[in-house]
Amino acid sequence: MRHFLTLRDFSKEEILEMIELARQIKAEAKRKEYVPYLKNQTLAMIFEKSSTRTRVSFEVGIYQLGGIGLFLSKNDIQLGRGEPMKDTARVVSRMCDMVMIRTFEQEKLEEFAAYSSVPVINGLTDTYHPVQLMADYLTMIEYDKADSPIVAYVGDGNNMAHSWLMLASKLGFTLRIATPKGYEPNSQIVEEALEFAKKSGALIELLHDPKEAVKGADVVTTDTWISMGQEEEKQKRLKDFQGFQVDSEMMNLAKPDAIFLHCLPAYRGYEVSEEVFEAHANEIFDEAENRLHAQKGVMVWLDRKRRG
Ligand code: CP
Ligand code: NVA
C-alpha cells in the first residue's frame, strides 16, 4: 500500500503514470463517461485549514468515481478538541477506504499515515502541496509546455515552491525559483532536489532576482505571499516581497507564448497584477479544473497499488 504525502516518495515513472490516468479519466468525463473505478468507496477528507479547490475536487472526484466523500472539518470532529492524530487515524481508516488530510505540519500528516490502514493523501501541509502539482503538470501538458520547459517560480519559498522543487527534480526540467532574501525554500528540501536532479538531469536555480528567473521562461508561476497560518506576518511580508509581483513588465520577459499558472486563491495587487491574472485566466482556470481530474488520477492509482 502506498500513501501520497510528497512527490519525493515517487519515481518519475510513477508520477507520469498518475498523470496519464488523470488524462484518461478526464477524457472519459468529457464524454460524460463516469467510470466507477472506486465504486462504493469512502474518502474521508480531514481539513484543519480552509479550502475551496481541494475540497470540491476531492468530493466531486470521489463521487464521480462511484464513491462518496466525507467532509470532516477539525471544528466538527474530536481532533479539534485534542483527540490525538494517531487515534483519529486508527478510527477513520477502519471505516473509510482512503483519507485526504489538509493540516499544518508535515509530521502530523506522516503520523496519521503511519497509523492508517488505508492510503493517505496530502491535501496541503505547511511543507508540501503535491496534489496541486499534479494538476499543474497536467495543465502544462495540455498547453504543450511539458517538453523540457523552463519554469520560473517567483515569490515565497513555501509549500508550493517545495512541491515545484520535487516535481522538477523528479521529472528533469529547469526550475528557477526567485525569492526575497530570507524567504528561500527549506535548505534540506533544496539539497534533496539537487540530489534527484543529478539523476533526472533537472536544472535547479535559486535566485533573488525575479526578472532573471522569468527571462525566457515557458511557464511563470507564483503563490500567495501570506500562506494559511501566516496572517500575523502580513505587514512585514508585504514589505519584504516588494518587487516580486508578477506584472506585465515581468511577464514580458518570459517567452512570448509563456503561460502563467497560479494555484489560487490569488491576491491581485500583491503576488500578481490584475492585468496578468486576467490575461492568463484561461490557463489559471484550466489548472483549477484540472485539480478534479488530477485528484481522480491519484486516487485511482493508489487504489490500484493497494490491490496489487
Ligand atoms: N489551490 C488550492 O489548494 O486551493 P484551496 O485552498 O481552495 O483548496
Ligand atoms: N501557500 C498557500 C497555498 C494555498 C493553496 C498556503 O499554504 O496557504
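First listed ligand is number 1; within each ligand, the first listed atom is number 1.
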Sort out the contact shell of ligand 1: every protein residue with a heavy-atom distance below 4.0 Å, listed by chain and number.
-> Ser51, Thr52, Arg53, Thr54, Arg102, His129, Gln132, Cys263, Leu264, Arg291

If you have a sec, work out which protein heavy atom is nearest atom 1 (N) of ligand 2 and how many Å separate them, to one decimal?
-> Asp223 OD2, 2.6 Å

Flag the pair Lys30 and Glu289 as a salt bridge only when some basic side-chain nitrogen lies within less than 4.0 angstrom of an acidic carboxylate oxygen.
-> yes

Do ligand 2 and Met228 have nitrogen or oxygen atoms that lie under 3.5 Å from each other?
-> yes

Could you tell me whether ligand 2 has any atom less than 4.0 Å away from a heavy atom of Asp126?
-> no

Answer with yes or no whether the side chains of Arg291 and Thr54 bring together a donor and an acceptor at under 3.5 Å.
-> yes

Regarding Arg8 and the six-membered ring of Phe196, is the cationic atom NZ or CZ under 6.0 Å from the ring centre and inside 45° of its axis?
-> no

Can a donor-acceptor pair be found between the side chains of Thr125 and Gln106 at a distance below 3.5 Å?
-> yes

Do Asn159 and Gln132 have a side chain donor and acceptor closer than 3.5 Å?
-> no

List every atom of ligand 2 that sits less than 4.0 Å from any heavy atom of Asn158, numbering the atoms from 1 in the order shown and giving each element.
-> 1 (N)

Knowing that exactly one of Lys296, Glu28, Gln64 qualifies, which makes a side-chain contact (heavy atoms from CB on, under 4.5 Å) with Val35?
-> Glu28

Nearest protein heavy atom to atom 5 (C) of ligand 2, by residue and atom, and its distance?
-> Leu264 O, 3.6 Å

Short version for Leu124: what comes under 4.0 Å of ligand 2, heavy atoms counted, is side chain

Give a yes or no on this: more than 12 heavy atoms of other residues, nucleotides or ligands lie within 6.0 Å of atom NZ of Lys215.
-> no

Determine whether the side chain, the backbone, both or neither of Asn159 has a heavy atom under 4.0 Å from any heavy atom of ligand 2.
-> side chain

Can a donor-acceptor pair be found between the side chains of His208 and Glu184 at a distance below 3.5 Å?
-> yes

Given Tyr183 and Asp240, is the side chain to side chain donor-acceptor pair (under 3.5 Å) satisfied, shown in steps?
-> CA-CA 9 Å; Tyr183 293 92; Asp240 293 347; 2.6 Å; yes

Will you find, in the side chains of Glu271 and Thr222, an N or O donor that is under 3.5 Å from an N or O acceptor?
-> no

Is any N or O atom of Ser227, backbone or side chain, closer than 3.5 Å to an N or O atom of ligand 2?
-> yes

